[in-house]
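Remember, it's 1-based here, ligands and their atoms both numbered in the order they're listed. Given the structure is predicted, the values throughout are model-derived calculations rather than measurements.
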Amino acid sequence: MSAPNPLLSDNVPSNILSLLDRLHEESLNQESIITRADYAAPVIHSNMKDKFIALEQDKCHFMYQIIKSIGGKNIVEAGTSYGVSTIYLALAVAANIKATGGAGIVIGTEHEVEKAAKAKEYWAECGDVVSGVIDLRVGDLRETLKEALPDTIDLLLLDIWTPMALPTLKLVQPNFRAGSVVIADNTIASAAEYKELLDYIRAPGSGFTSLTLPYNKGLEMCVYSPQ
Ligand SMILES: C[S@@+](CC[C@H](N)C(=O)[O-])C[C@H]1O[C@@H](n2cnc3c(N)ncnc32)[C@H](O)[C@@H]1O
């Protein structure tokens, strides 16, 4: 029996499900020829300029479930690329708005102008349910996230080059509430590169509890629970 897909149970339209399947497949095809050396500091931007490197589908499903369980309506995504994970974030926010009313927004961030433009095309293809709840900030997120954020951020996805992870968390953390969630990708495979972030989160008194989930290459789930 195939693994359950929460989007299917939530009656997400079939054109969106097909688009997601196609984009994940394209991303995996690209990744099959990417090596660790491609992620090295001096070349990473040019090597990844036209690569999806989308969050794997099972992790996206997990994130969708978490956002629904915490009733998340305001999300920040660090690293949007072609906007695949953003579609899941938007669908979860839209589901929460539909369930309990109010407003919500997914703040995406992408450095590459061409990627940002293509992401917007994919979101338009999904329709207003997705495109209508995304605010994409194009440029270096260390600047764009200094612009106004919602008072409360329910979830931060860190799917970004590792040196950006801690600076991003520090920009967004003032807007966390008790129970806000931080998800960081690849925290087992890139534990050394994430050292600063993981030391910060796991330090006694940090206000975070943290768990490494056994997804491919690891997925960190942190809950903000200040004493
Ligand atoms: C792993 S990809 C994101 C994948 C995306 N979350 C998905 O699942 O489809 C990381 C992205 O972060 C972008 N990026 C890297 N440094 C950045 C920065 N300083 N500001 C904004 N975006 C940045 C890269 O261009 C790249 O597209």
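A side-chain donor-acceptor contact under 3.5 Å links N175 to the backbone of P150. Using a distance-only test at 3.5 Å, with no hydrogens or angles considered, a donor-acceptor pair links the side chain of N96 to the main chain of I67. No donor-acceptor pair closer than 3.5 Å links the side chain of T100 to the backbone N or O of I97.
The contact set between ligand 1 and E112, taken as ligand atoms under 4.0 Å from a residue heavy atom, comprises 25 (O). Near H111, meaning under 4.0 Å from any of its heavy atoms, are these atoms of ligand 1: 17 (C), 20 (N), 21 (C), 22 (N), 23 (C). Atoms of ligand 1 lying under 4.0 Å from any heavy atom of G139, numbered from 1 in the order shown and given with element: 20 (N), 21 (C). Here is the list of ligand 1 atoms found below 4.0 Å of a heavy atom in I160: 12 (O), 14 (N), 15 (C), 16 (N), 17 (C), 22 (N), 23 (C). With ligand atoms numbered from 1 in the order given, ligand 1 contributes 6 (N) to contacts under 4.0 Å with heavy atoms of E77. Atom numbering of ligand 1 starts at 1 in the shown order; those under 4.0 Å from a heavy atom of L55 are 7 (C), 8 (O). Close approach to K115 involves these atoms of ligand 1, each under 4.0 Å from a residue heavy atom: 26 (C), 27 (O). Here is the list of ligand 1 atoms found below 4.0 Å of a heavy atom in M164: 19 (N).
Ligand 1 has an N or O atom lying under 3.5 Å from an N or O atom of E110, backbone or side chain. Among the atoms of R142, none of the N or O lies under 3.5 angstrom from an N or O of ligand 1. Distances between N or O atoms of G83 and those of ligand 1 include no value under 3.5 Å. Ligand 1 has a nitrogen or oxygen under 3.5 angstrom from a nitrogen or oxygen of G79.
The closest side-chain donor-acceptor pair between N15 and E125, if any, does not fall under 3.5 angstrom. For the 3.5 Å distance criterion, the side chains of E77 and T80 qualify, holding a donor opposite an acceptor. Between the side chains of Y64 and D10, at least one donor N or O lies within less than 3.5 Å of an accepting N or O.
Geometrically, K118 engages Y122 in a cation-pi contact, judged by NZ or CZ lying under 6.0 Å from the ring centre and within 45° of the ring axis. Annotation: cation-pi geometry satisfied between K115 and Y82 (NZ/CZ under 6.0 angstrom from ring centroid, within 45° of ring axis).
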> Given E220 and S210, is the side chain to side chain donor-acceptor pair (under 3.5 Å) satisfied, shown in steps?
Replying inline: CA-CA 7 Å; E220 204 73 10; S210 179; 2.6 Å; yes

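Relative orientation of the H24 and Y88 rings is tilted, given thresholds of 30° and 60° on the angle between their planes. Ring-plane geometry between F62 and Y215 is classed as tilted, the angle between the planes lying from 30 to 60 degrees on a 0 to 90 degree scale.
Here T144 has no heavy atoms under 4.0 Å from ligand 1, in either its backbone or its side chain. Looking at K51 against ligand 1, nothing comes within 4.0 Å, counting heavy atoms.
Contact check on D154 versus K73 returns no salt bridge, with no Lys/Arg side-chain nitrogen under 4.0 Å from an Asp/Glu carboxylate oxygen.
Looking at atom 7 (C) of ligand 1, its nearest protein heavy atom turns out to be S85 OG, 3.1 Å. Closest to atom 19 (N) of ligand 1 among all protein heavy atoms lies D140 OD1, 3.1 Å. The closest protein non-hydrogen atom to atom 15 (C) of ligand 1 is W161 NE1, 3.2 Å. L141 N, 2.9 Å is the protein heavy atom nearest to atom 20 (N) of ligand 1. For atom 10 (C) of ligand 1, the nearest protein heavy atom (residue, atom name, distance) is D159 O, 3.2 Å. Taking atom 9 (O) of ligand 1 as the reference point, the nearest protein heavy-atom neighbour is V84 N, 3.3 Å.
Ligand 1 is never approached by Y82 to a heavy-atom distance shorter than 4.0 Å.
By the side-chain hydrogen bond (donor to acceptor under 3.5 Å, both in side chains) test, T109 pairs with no residue at all, sequence neighbours left out.
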